[in-house]
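Below you'll find the structure, written out as structure tokens, and then a few comments.
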Amino acid sequence: MIDTNLEFTDKIGYLLFKKGIIDSEVLEKALAAKNSDKTKGKRNLAQILVQDFGFNHDAIFGEVALLYAFREVDLTVDSLTPELTASIKKIVTDAGDTVKALLMQSRVLPYKFDDRQQDKLLLMATDPTDRSIAKIALSLNTKKYEVLYVKKSVFDKVIDKIFPPENEFLKMYEEIPVEISAEQVDDKSLSEDELDAEINKSALVNIVEASLVEGTRKGVSDIHFVPVSHKRTDIRFRVDGLLQTWHAQDNTSPEALVAVVKDRSRGLDRFERERAQDGFIQREIDGHIIRFRVSVLPMVGTELRNKFESIVIRILDDRKVIKDLSKLGLTGYTRDSFEKSINAPQGMVILTGPTGSGKSTTLIAALYQVIDPTVNVLTVEDPVEYVIEGARQLKIGPKMNFEQAIRAILRHDPDIVLVGEMRDKETAEVAIKLANTGHLTFSTLHTNDAPSAVSRLYKMGIEPFLIAYAINIIVAQRLIRKVCQNCKKRITNVDPEIFKRLELDPEEWKQYELYEAVGCEVCNNTGYKGRLAIHEALYFTRGLRQIIVRSGDDVDEEQIRLQAKKDGSLNLRDSGLEKVKLGMTTFEEVISSTMEE
């Protein structure tokens with residue numbers, strides 16, 4: 001039974017209970033914890049609910065901030081200017097390591113000095129009721145201060161931006177000199193055991209591990225180890241689709257660095273240098289399990305005595321998995337037809353585009369819309385990149401290859417199937433058969449656009465009738481770079497050549513806010529930060545199916561394009577131009593990422 005005088009005895013509890021955020025049972029238990037001898041007077045009810053009962057921090061303290069009239073900080077990582085970053089960093093650094101540790105522990109940061117009272121410091125805190133804030137303010141040598149509320153989710157991102165966690169491996173690498181040289185590796189008298197001992201005690205282990213940590217924290221998609229000469233290897237990061245050199249390992253044989261990567265990976269043979277190999281690495285970084293897919297390829301070098309190998313490590317961070325369809329950037333006709341297709345009881349949904357265009361991301365997001373306990377969802381991927389909750393993902397190995405797994409699925413009572421890629425006629429035939437026998441089937445195909453996917457299937461030997469009536473939709477996808485929100489510059493006079501090249505009417509575009517890429521510290525002077533997807537949807541309407549069924553010796557792609565446009569579809573270039581209208585990217589990026597029809 002809830003105390004009728006609760007509003008007077010515990011305002012926080014009363015508010016949360018009245019709003020339905022907590023129920024009477026939780027409230028009674030939290031009040032009992034608050035009044036216990038161990039915690040009495042030390043923690044308020046909001047702190048107990050978050051710490052002991054696992055309630056969402058922002059949901060609870062957002063209400064507390066409203067109750068006690070704490071102003072909320074309007075801040076995001078994108079709005080964190082270099083000047084504000086430098087100011088916060090200076091105040092914290094000047095206060096010393098002890099105060100910095102207290103700030104981090106209490107989740108408090110000096111924000112800025114009040115515009116109206118220059119001697120009043122504004123402090124932002126995830127818990128504005130924390131009793132240690134007064135002590136922190138005193139340590140920062142300020143007599144006047146005001147506490148503002150900031151969401152924990154925002155605070156954590158700000159901390160990562162201003163005070164990124166230290167890369168211990170990078171620090172150790174800088175402290176320990178490299179001991180394994182190209183001359184040592186070339187020395188025929190050096191045994192494999194001795195080489196192994198040298199590699200393990202050298203700084204090479206640290207630079208490899210450092211690259212994994214740094215790549216994960218920077219949001220890198222791939223890490224490349226590229227042999228440049230017998231004494232140098234470049235380590236490059238792919239950021240927003242472009243490669244950037246992160247580190248150059250000089251005075252070291254590429255074989256030694258490759259050996260370290262192989263030793264620290266599963267499924268790779270250090271002594272095999274003549275064939276391609278695939279392996280994986282798993283690490284816990286910043287409290288999250290991160291998997292890395294390792295690809296090794298032998299390559300030709302200018303020095304024939306060296307057996308060079310190139311390594312590419314794909315970072316598989318489950319935190320990047322998108323489960324919400326609205327975050328994929330699908331708009332208008334594309335979104336409507338895509339949602340209609342994935343919610344159909346049967347048929348095939350195909351994503352097409354080059355490697356690294358986000359096809360798997362889109363398919364996984366689509367799967368999450370249709371997965372529930374009433375359906376059997378099976379996936380066949382080689383390799384499996386992300387674990388999909390609620391799906392049974394088949395394991396490809398020496399005793400069951402991709403084609404065998406596809407065929408075995410037919411006998412495993414599936415409702416929804418994800419076929420990672422239709423690589424050949426056999427795979428495509430089984431996938432089409434699944435779609436034609438009452439199953440919703442997802443898959444990918446490597447083609448330049450959606451209409452050419454129809455031609456590709458036709459040339460594989462799939463009958464036009466099966467193509468026309470098995471497929472619900474084909475979506476072509478590309479990733480283009482977003483213009484940096486920190487340094488983008490509005491333009492009023494666009495180069496006439498751009499309009500001419502894109503066949504656009506300059507007068508029509510005067511109504512939109514257009515931007516150009518500039519470059520700053522936030523975007524590493526590229527002018528772009530992050531990427532977004534553009535799409536071309538080929539939804540199989542009655543008119544489109546009839547065109548495909550009537551195909552003779554060849555599929556008329558041009559006729560398919562005209563019908564798709566008539567149905568309301570945009571091609572990839574037009575989809576990109578829609579993003580330009582929204583101020584999300586630039587003309588130059590769209591031109592460089594898409595082709596003319």
Side-chain angles (χ1 to χ4, degrees), residues 1-76 92 98-111 120-140 142-160 163 286-288 319 323-324 373 389:
M1 185 73 181
I2 300 299
D3 189 345
T4 54
N5 294 318
L6 178 61
E7 183 180 2
F8 303 101
T9 58
D10 197 297
K11 290 184 178 180
I12 296 174
Y14 179 77
L15 174 72
L16 296 174
F17 174 69
K18 291 293 286 182
K19 287 197 170 187
I21 297 171
I22 60 174
D23 58 27
S24 59
E25 185 181 349
V26 169
L27 179 55
E28 286 182 2
K29 289 179 180 178
L31 286 171
K34 179 187 173 185
N35 295 324
S36 68
D37 293 333
K38 190 183 289 185
T39 62
K40 196 167 186 178
K42 294 181 180 179
R43 296 187 297 167
N44 61 42
L45 200 77
Q47 293 164 343
I48 290 169
L49 287 169
V50 171
Q51 294 167 14
D52 297 356
F53 291 82
F55 278 82
N56 180 273
H57 186 284
D58 292 343
I60 297 297
F61 281 100
E63 297 296 335
V64 171
L66 285 172
L67 176 64
Y68 292 114
F70 288 107
R71 289 193 290 159
E72 184 174 344
V73 178
D74 182 20
L75 184 66
T76 63
V92 174
T98 304
V99 177
K100 182 180 177 181
L102 186 59
L103 285 165
M104 298 301 112
Q105 182 184 338
S106 300
R107 317 302 286 167
V108 179
L109 269 184
Y111 179 38
K120 185 169 80 173
L121 181 64
L122 302 179
L123 299 171
M124 55 179 174
T126 60
D127 175 7
T129 64
D130 191 331
R131 294 184 176 186
S132 63
I133 293 177
K135 181 181 177 182
I136 289 170
L138 189 64
S139 302
L140 292 172
T142 179
K143 292 181 180 178
K144 295 180 182 178
Y145 69 92
E146 180 185 348
V147 182
L148 309 180
Y149 165 67
V150 62
K151 289 185 175 73
K152 184 178 180 295
S153 55
V154 173
F155 185 90
D156 290 342
K157 290 176 182 176
V158 170
I159 284 290
D160 287 343
F163 301 104
D286 299 334
H288 298 276
R319 291 172 296 179
K323 298 181 182 180
D324 185 354
E389 299 167 22

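Reckoned from all heavy atoms, side chains included, excluding hydrogens, waters and symmetry mates.
Between the CG atom of Leu148 and the CG atom of Leu109 there is a distance of 11.5 Å, given to the nearest 0.5 Å. With rounding to the nearest 0.5 Å, the separation of CG in Leu140 from CG in Leu138 is 9.0 Å. Distance CG/Leu102 to CD1/Ile136: 4.0 Å, rounded to 0.5 Å. Expressed to the nearest 0.5 Å, how far CD1 of Ile60 lies from CG of Leu16 amounts to 5.0 Å. Interatomic distance, Leu31 CG to Phe17 CZ, rounded to the nearest 0.5 Å: 11.0 Å.
Side-chain contact check for Asp156 versus Arg107: some heavy-atom pair is nearer than 4.5 Å. Here the side chains of Val26 and Asp23 are in contact, with some heavy-atom distance below 4.5 Å. Considering only heavy atoms from C-beta on, Lys151 stays 4.5 Å or farther from Phe61 through its side chain. Within the 4.5 Å cutoff, the side chain of Val64 has heavy atoms near those of the Ile12 side chain. In this structure, the side chains of Val99 and Val92 stay at 4.5 Å or more apart for every pair of heavy atoms. Contact of the Val150 side chain with the Glu72 side chain is not registered, since no non-hydrogen atoms from C-beta on lie closer than 4.5 Å. You'll find the side chain of Glu146 reaches within 4.5 Å of the side chain of Lys120, heavy atoms only. The closest side-chain heavy-atom distance from Tyr111 to Leu123 is not below 4.5 Å.
Gln51 contributes no side-chain N or O that, together with a main-chain N or O of Ile48, makes up a donor-acceptor pair within less than 3.5 Å.
The minimum heavy-atom distance linking Leu27 with Gly13 is given by the pair CD1-CA, 3.9 Å. Heavy-atom minimum distance, Pro128 versus Ile133: O-CD1, 3.8 Å. Taking every heavy atom of both residues into account, Phe155 and Val108 meet most closely at CZ-N, 3.5 Å. Looking at every heavy atom in both residues, Ile21 comes nearest to Glu63 through CD1-CG, 3.5 Å. Smallest separation of non-hydrogen atoms from Val158 and Leu75: CG2-CD2, 3.9 Å. When all heavy atoms of His57 and Thr126 are compared, the pair lying nearest together is CE1-O, 2.9 Å.
Remark: Lys144 NZ is loosely packed, at most 12 non-hydrogen atoms of other residues, nucleotides or ligands lying under 6.0 Å away. Counted within 6.0 Å of CG on Asp74, heavy atoms from surrounding residues, nucleotides or ligands total 12 or fewer; the atom is thus considered open.
A salt bridge does not link Lys29 with Asp52: every distance from a Lys NZ or Arg NE/NH1/NH2 to an Asp or Glu carboxylate oxygen is 4.0 Å or more. Lys152 has no carboxylate O lying under 4.0 Å from a charged side-chain N of Asp127, or vice versa, which leaves the two without a salt bridge.
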**Study point:** Asn56/Val50 under side-chain contact (heavy atoms from CB on, under 4.5 Å): CA gap, chis, key distance, verdict
**Key:** CA-CA 6 Å; Asn56 180 273; Val50 171; over 6 Å; no

Point to revise | Candidate pair Val147 and Met124, rule side-chain contact (heavy atoms from CB on, under 4.5 Å), full reasoning | key: CA-CA 6 Å; Val147 182; Met124 55 179 174; over 6 Å; no

Practice item. Show your reasoning for whether side-chain contact (heavy atoms from CB on, under 4.5 Å) applies to Asp58 and Tyr149. Key: CA-CA 10 Å; Asp58 292 343; Tyr149 165 67; 3.8 Å; yes

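Note: Phe70 and Tyr68 have perpendicular aromatic rings, judged against thresholds of 30 and 60 degrees for the angle between ring planes.
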